Chemist: 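Have a look at this one.
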2 protein chains.
Amino acid sequence: MSDEDLPQNGTRRRAATIADVAEAAGVAIGTVSRFLNGREIRRGNREQIEAAIEKLSYRRNAVAAAMKTDKTHMIGLLIPTFDEFHSDMVEHLARLLRTSGRALVIYCHSHDARVINDALDFFDAQRVDALIMDGVAEVRARLEQMTADGVPIVFYNNDIPGIAADRVMVENSSASYRAVSHLLDLRHERVAIIAGAQYDSSGRQRLEGYEAALHDRGIPIDPAYVVEGTWRPDSGYDAARQLMQLDKPPTAVFVSNYGMTIGVLEWMRDNGLRVPDDLSLVSFDDVALFRLREPAITAISQPIAAIAESIATLIVSRLDPGKSRPLRSVVLKCDVILRGSTRRWSPAD
Amino acid sequence: MSDEDLPQNGTRRRAATIADVAEAAGVAIGTVSRFLNGREIRRGNREQIEAAIEKLSYRRNAVAAAMKTDKTHMIGLLIPTFDEFHSDMVEHLARLLRTSGRALVIYCHSHDARVINDALDFFDAQRVDALIMDGVAEVRARLEQMTADGVPIVFYNNDIPGIAADRVMVENSSASYRAVSHLLDLRHERVAIIAGAQYDSSGRQRLEGYEAALHDRGIPIDPAYVVEGTWRPDSGYDAARQLMQLDKPPTAVFVSNYGMTIGVLEWMRDNGLRVPDDLSLVSFDDVALFRLREPAITAISQPIAAIAESIATLIVSRLDPGKSRPLRSVVLKCDVILRGSTRRWSPAD
DNA sequence: TTGTACGCGTTATCAC
DNA sequence: GTGATAACGCGTACAA
């Protein structure tokens, strides 16, 4: 506990400006500006200016520059929550955007429509150079307005069709198809799905993959084996109970995301059941917890680094004043990583 | 893949300004400004202004406002990495700051000194209202400059003594003391520590707690049982090997953070050893993985929500133009959560 | 190349 | 309360 006081509450002392530097260096303001923006300047002047900057401890005022150029070098990022997927993605994104001199302004909306609107207001007012977000359909009109105003948008994870934005998605449907097919290869006949929220395109696509895999083997979809969750652990927990208490419980389950899988594992543990002995399990999303668990969980791994890289590339190229380009939709491949949470099923069980 | 084009590259169409609104509403600019800032205004004018704003779809320009007021409503956050601790903290922080109309600008430095300097430059130029960071001693001079310029700083996790900043820390030493004492209560005689990086104050304090616990029982510190890691999983992995290959390996270990514990668990698994049968283990930091594992890991839980809350409170009060207050240092309590990763030791083992 | 002067959109300060 | 106007710090067009 210290008792010294800060100068004043957030009040900065008058900082040196470009004009002060110019005066101290004995050159014109324009010359200093040219120097700051890395353009050619006479050698002697440069030394004078560098000395003046040092002496006055001049710091560039990006706010004033932004007012002129209408470029803030800030990228708005709107995410639902800081789960493992997003943490990982944000870390990559921040690193990649940094190299082009930009930083992320992050808003976390927790699926609250009011917060989403607040975030958009904030980004709008702050004049962020671009916006990255998980497609959330409720704000279609706002987003159309923003693109019309010339703010580039990149959707990831979930799509809102019809909006003029770049997109980075993963092959939700076909990866899910492969994961479910793996369970069918193991002779499972009662394969359930815990689906994600169906208002999200990723939730719908993962369910489609499940349905297609069953369909291609001529297995009818049993509605009792299709449970819709909310992506969150508690809904996985509830879904597990609902499924396992059926007269004929499934022998295998495909869980549409990491969070709900946590819930399933918790329910199994709480009820003395084991994976894969009592239930084979495959999860969308691969996280550290799945790898370390014994037996480890078979999972679909999203290429998070590549997702971040694609987003960053799209943003940077879109913001390049040199060239204009059509909208792009990137779809990235996922890996199904086979581990120990599934086993072959036989009618004897 | 769509082929429609965006209007232009990041070029905004001329947006309506406060002056346009004033003209359309038939009032003065000042009146509109008063209205926008929620102050009293004549009823008839208000209706005119609201109509004009709607008609012109006027959006406030926070950049211009920031230039006048020198307040950007952005808080710079500099973190080393997006691990579970930081993800959780950032989510809380973002939520708390949002209620005061502020957002976080995040930079992730990966312990790279150059990046840390870049981040400080960026925050400096962008005129963030305040700065939150893990104390990193290398940039002491820069930070002194910033506080002198009136930018409030809050340190968390690690301290840099002598800088005029607010601080939010946890009781690293005494929590570690209690955790190690727990191992000693279980009769362990060879208790090791995998310490964190000793240039971090938290790393030093956790080691101090370990030493004090041993000292208070009259147990001498055996240097062979003290291994310094880098906080990261690979160093935990290496440390586990180093310790377990001693002639007299420890029977219990206190690991100074979550990341290194992951490494230890991996080494144990890779070498067919089990926790707690072959090694009792207590970890600093409590994460989902530890709770779900079987047996679950005994761990020290940091009060992440309270940390975020303290930081937000300090920031908001420091930025309140009304009052000035002395610097504050908050130290928060941790919980030692007993689970299944330790067992009683007897000489027979 | 250099110097000057203006504009960016807002807030603050005056008289009224 | 309201209206007119001067800043805020930078980029840039223009004339030199």
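The shown structure was predicted, so the numbers you read here are calculated from the model rather than taken from an experiment. Lettering of chains follows the sequences in order, A, B, ..., and the numbering in each one begins at 1.
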Chemist: Let me know the distance between CZ of F35(B) and C1' of dT11(C), rounded to the nearest Å.
Modeler: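 Computing the F35(B):CZ to dT11(C):C1' distance gives 16 Å.
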Chemist: Check the interface with nucleotides 11-13 of chain D: list each N/O to N/O pair with the protein under 3.5 Å, or write none.
Modeler:
| unit_1 | atom_1 | unit_2 | atom_2 | d |
| --- | --- | --- | --- | --- |
| dG11(D) | OP1 | R60(A) | NH2 | 2.7 |
| dG11(D) | OP2 | S33(A) | OG | 3.2 |

Chemist: Output the rounded distance in Å from CE (M67(B)) to C1' (dT11(C)).
Modeler: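 To the nearest whole Å, that distance equals 11 Å.
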Chemist: If only side-chain N and O atoms of N45(B) are considered, is one of them under 4.0 Å from the OP1 or OP2 phosphate oxygen of dT2(D)?
Modeler: yes
Chemist: In whole Å, I'd like the distance from the CD atom of Q126(A) to the C1' atom of dG9(C).
Modeler: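 To the nearest whole Å, that distance equals 14 Å.
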Chemist: Specify the separation, in whole Å, of atom CZ of R43(B) and atom P of dT2(D).
Modeler: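 In whole Å, dT2(D) P and R43(B) CZ are 13 Å from each other.
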Chemist: Less than 3.5 Å apart, which donor and acceptor atoms pair up between the side chains of residues 111-122 of chain B and the rest of the protein, not counting sequence neighbours?
Modeler:
| unit_1 | atom_1 | unit_2 | atom_2 | d |
| --- | --- | --- | --- | --- |
| D112(B) | OD1 | R114(B) | N | 2.8 |
| N117(B) | ND2 | A113(B) | O | 3.3 |
| D121(B) | OD1 | R142(B) | NH1 | 2.8 |
| D121(B) | OD1 | R142(B) | NH2 | 3.2 |

Chemist: Do R140(B) and E144(B) meet the salt-bridge criterion of a basic N to acidic O distance under 4.0 Å?
Modeler: yes
Chemist: I need the CD1-P distance between I49(B) and dG3(D), as an integer number of Å.
Modeler: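 Nearest whole value for this atom pair: 9 Å.
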Chemist: Base, sugar-phosphate, or nothing: which does V63(B) touch, judged by heavy atoms less than 4.0 Å apart?
Modeler: nothing
Chemist: Find the distance Y58(B):OH to dT10(C):C1' and express it as a whole number of Å.
Modeler: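 Distance, rounded to whole Å: 8 Å.
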Chemist: Is there side-chain contact between P152(A) and L319(A), with at least one heavy-atom pair below 4.5 Å?
Modeler: yes
Chemist: Determine yes or no for a side-chain-to-main-chain donor-acceptor pair under 3.5 angstrom, with Q126(A) supplying the side chain and T72(B) the backbone.
Modeler: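 It does hold such a pair.
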Chemist: Rounded to whole angstroms, how far apart are CG on N61(A) and P on dA7(D)?
Modeler: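 The distance from CG of N61(A) to P of dA7(D) comes to 18 Å, rounded to the nearest Å.
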Chemist: Applying side-chain contact (heavy atoms from CB on, under 4.5 Å) between M133(B) and each of L77(B), L143(B), V154(B), report the one that passes.
Modeler: L143(B)
Chemist: Name every donor-acceptor pair, under 3.5 Å, that has one atom in a side chain of residues 155-164 of chain B and the other anywhere in the protein, sequence neighbours excluded.
Modeler:
| unit_1 | atom_1 | unit_2 | atom_2 | d |
| --- | --- | --- | --- | --- |
| Y156(B) | OH | H86(B) | NE2 | 2.7 |
| N158(B) | OD1 | S201(B) | N | 3.2 |
| N158(B) | OD1 | S201(B) | OG | 3.4 |
| N158(B) | OD1 | S202(B) | N | 2.8 |
| N158(B) | OD1 | S202(B) | OG | 2.7 |
| N158(B) | ND2 | D134(B) | OD1 | 2.7 |
| N158(B) | ND2 | D200(B) | OD1 | 3.4 |
| D159(B) | OD1 | R167(B) | NE | 2.4 |
| D159(B) | OD1 | R167(B) | NH2 | 3.4 |
| D159(B) | OD2 | R167(B) | NE | 3.2 |

Chemist: Quick one: K71(B) NZ to dG9(D) P, roughly how many Å, whole number?
Modeler: 14 Å
